[in-house]
2 protein chains.
Amino acid sequence: MSSPKSESPKLNKGQQTKALILETALELFRERGYEQTTMRDIAEKANVALGNTYYYFRSKEHLIQGFYQRTQEELLVASTPILEKERSLKARLLGVMKARFELIEPYHQFAGVLFRTAGDPKSPLNPFSAESLELRKQNTAIFEQVLQGARLRIAIPKDLYAELPNLLWIYQMGVILFWIHDKSPNRIRTHQLIEHTVDITAKLIAIASVPLMKPLIKKTLNLLATFREDLNNLLPSSNPDLELDELDELDELDELDELDELDELGKSLKVTKPLKTE
Amino acid sequence: MSSPKSESPKLNKGQQTKALILETALELFRERGYEQTTMRDIAEKANVALGNTYYYFRSKEHLIQGFYQRTQEELLVASTPILEKERSLKARLLGVMKARFELIEPYHQFAGVLFRTAGDPKSPLNPFSAESLELRKQNTAIFEQVLQGARLRIAIPKDLYAELPNLLWIYQMGVILFWIHDKSPNRIRTHQLIEHTVDITAKLIAIASVPLMKPLIKKTLNLLATFREDLNNLLPSSNPDLELDELDELDELDELDELDELDELGKSLKVTKPLKTE
DNA sequence: AAAATGTTTTGAACGTGTTCAAAATATGTA
DNA sequence: TACATATTTTGAACACGTTCAAAACATTTT
């Protein structure tokens, strides 16, 4: 009675139970929501002891990471045909966004928790936490693909281009926040929101790519860079002044800088294409 | 032994206990943080029965609303001298932002909860909830004041002006999110972030006020309007298509619209002041 | 095969947020 | 003052997330 059935029995027994528990949990979450599902419910339905669930998932919240993982993988699959077909940035972004929200739709009623812990530095679900780093990477990677295959009218400056996946990720989080609160039938509003904001986003990217937007963009990007460092490193205390010194160089403008930059913007735009009459 | 001490004994007994409980709770929160403080701790220290705390505060989370209320009032006071003194938008915004974060600094260690529930539609702490509507109003009102007294070089279009307090409120929420995660000594990083983003924000407002940014701004504002309606009304289902129809009119541009708008932007900017040589 | 070691599973017990019926107290009325 | 009613306070009980020592089971070593 050796094992003809399961591949590697060493790795398997545990993994099987773990999968079973996650499966059961997600099923119950979908059915009755997160708070309405108790750990005892999950254990009972999965036919394991209560304590066993804690052997595989450090906490109830950790079960949600399983959900993240799952839909992330599904999104990768669903995006492929879109990214192969579409060439305009707008269409590519729209396609990916739509795919994402179709995927998570069944989980709408328990989506609250996704964001509930988003701001808690102690929570493992916090998107900035070390534990979710990997997932966040995969997530922004999709936006990288969106950009990479896009045919653009104006070249996006390199520095902006590098940061855009992260910015798009933030944009996506914003839409998720809206989706969670969206009570319209079939979440139509969210889909409308996506259609319009994708458009606006594409336009903003174009505007930001105009050469003379450069100083402002550069300053903003520098800021973002240090911002992200703070969150990624999570060093309790680390030379907090260093990186921003560079920023200050950019900042050596007097009170008049607002108008000055606008002038520059104007100068830059003069050289763009001839206008069509309005 | 009638009451020479307390004003109106009818309203008072209860209110007094309520205040006592809140006071005690905030004290403990400051000392050891939110999760480390149990309702039993609070009750014991306040010398009331456990159940009594629930007579005045529907849940542990509801105690936090007391905190919000408190600092909101304090911010109003702290802002007055700044708004009386400063005239530039940048300085006014900077002053108010700094005041806010100085106020909440003592509560940093339990700030996680502030945001933890921000995304949960069911939570009373959710900033979009009916329960926090009043507070949110007071909050944006401060930003209104920031704008109202500011001397501006370029007039902000009316529609944008009307929405700006809400946008600044969102900006503030973003900074709070950073602050929560900020582990630098004395939260220097947050203060640096504020100084730089306030600057950027002022510039963005100026850019957005350029006449030929109008179409994009208008579209964005319309979108925001319906977005906020959704959140405010919280109607389970309400003619979800109506308002966005207007938006679509603005959207009747073909594939080329990105460049078109950029051209318009250029056209508009030609008429601004002469440039200084670079 | 027996013993040693490693992995998985168990369920009782604990802490904490929350509920609730009953008691205590205050206020209004005759 | 005595009774009725409303408000406030009490603490026991409950539900659920979580912990942990011990049991059951699997694998490796001798």
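Just so we're clear, the structure is a prediction, and the values are computed from it rather than from any experiment. A note on names: the letters A, B, ... follow the listed sequences, proteins ahead of strands, and every chain is numbered from 1.
Distances shorter than 4.0 Å separate some side-chain N or O of A:Y56 from OP1 or OP2 on C:dT9. Within the structure, every side-chain polar atom (N or O) of B:T17 is placed at least 4.0 Å from both OP1 and OP2 of D:dT8.
You'll find that the side chain of B:M39 is closest to C:dT18, out of C:dT18, C:dT16, D:dC16.
With sequence neighbours left out, the salt bridge (charged side-chain N to carboxylate O under 4.0 Å, His left out) criterion links A:E134 to no other residue. For A:A99, the side-chain contact (heavy atoms from CB on, under 4.5 Å) criterion is met by A:L75, A:A78, A:I82, not counting sequence neighbours. Taking A:N186 as the reference, A:I188 meet the side-chain contact (heavy atoms from CB on, under 4.5 Å) condition, with sequence neighbours excluded.
Within the structure, ring pair (Phe, Tyr, Trp, His ring centres under 6.0 Å) pairs that include any residue of residues 37-72 of chain A comprise A:F67-A:Y107, A:F67-A:F110 (at least two apart or interchain).
Taking atom CD of residue A:Q15 and atom C1' of nucleotide C:dT8, one finds them 12 Å apart after rounding to whole Å. Following rounding to the nearest Å, B:I64 (CD1) and C:dG17 (P) show an atom-to-atom distance of 12 Å. The distance between atom CZ of B:R40 and atom P of C:dC14, rounded to the nearest whole Å, is 14 Å. Atom CG in B:D41 sits roughly 10 Å away from atom C1' in C:dT16 (whole-Å rounding). The CG-P distance, from A:L63 to D:dG17, rounds to 10 Å in whole Å. In this structure, B:Y54 places its OH atom 13 Å from C1' of D:dC14, rounding to the nearest Å. A straight line from CZ of A:F57 to C1' of C:dT9 spans 15 Å, rounded to a whole angstrom. Between the CD atom of A:E35 and the C1' atom of D:dA15 there is a distance of 14 Å, rounded to whole Å.
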Taking only N/O atoms, report every protein-nucleotides 10-12 of chain C pair under 3.5 Å with atom names and distance.
residue, atom, partner, partner atom, Å
C:dT10, OP2, A:A49, N, 2.6

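A tilted orientation is assigned to the rings of A:F29 and A:Y34, their planes being inclined by 30° to 60°.
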Sequence neighbours excluded and cut-off under 3.5 Å, please list the side-chain donor-acceptor pairs for residues 167-177 of chain A, or say none.
residue, atom, partner, partner atom, Å
A:Y171, OH, A:T197, OG1, 2.7
A:Q172, OE1, A:R100, NH1, 2.7

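For A:Q65 against A:L135, the heavy-atom pair with the smallest separation is O-CD1, 4.4 Å.
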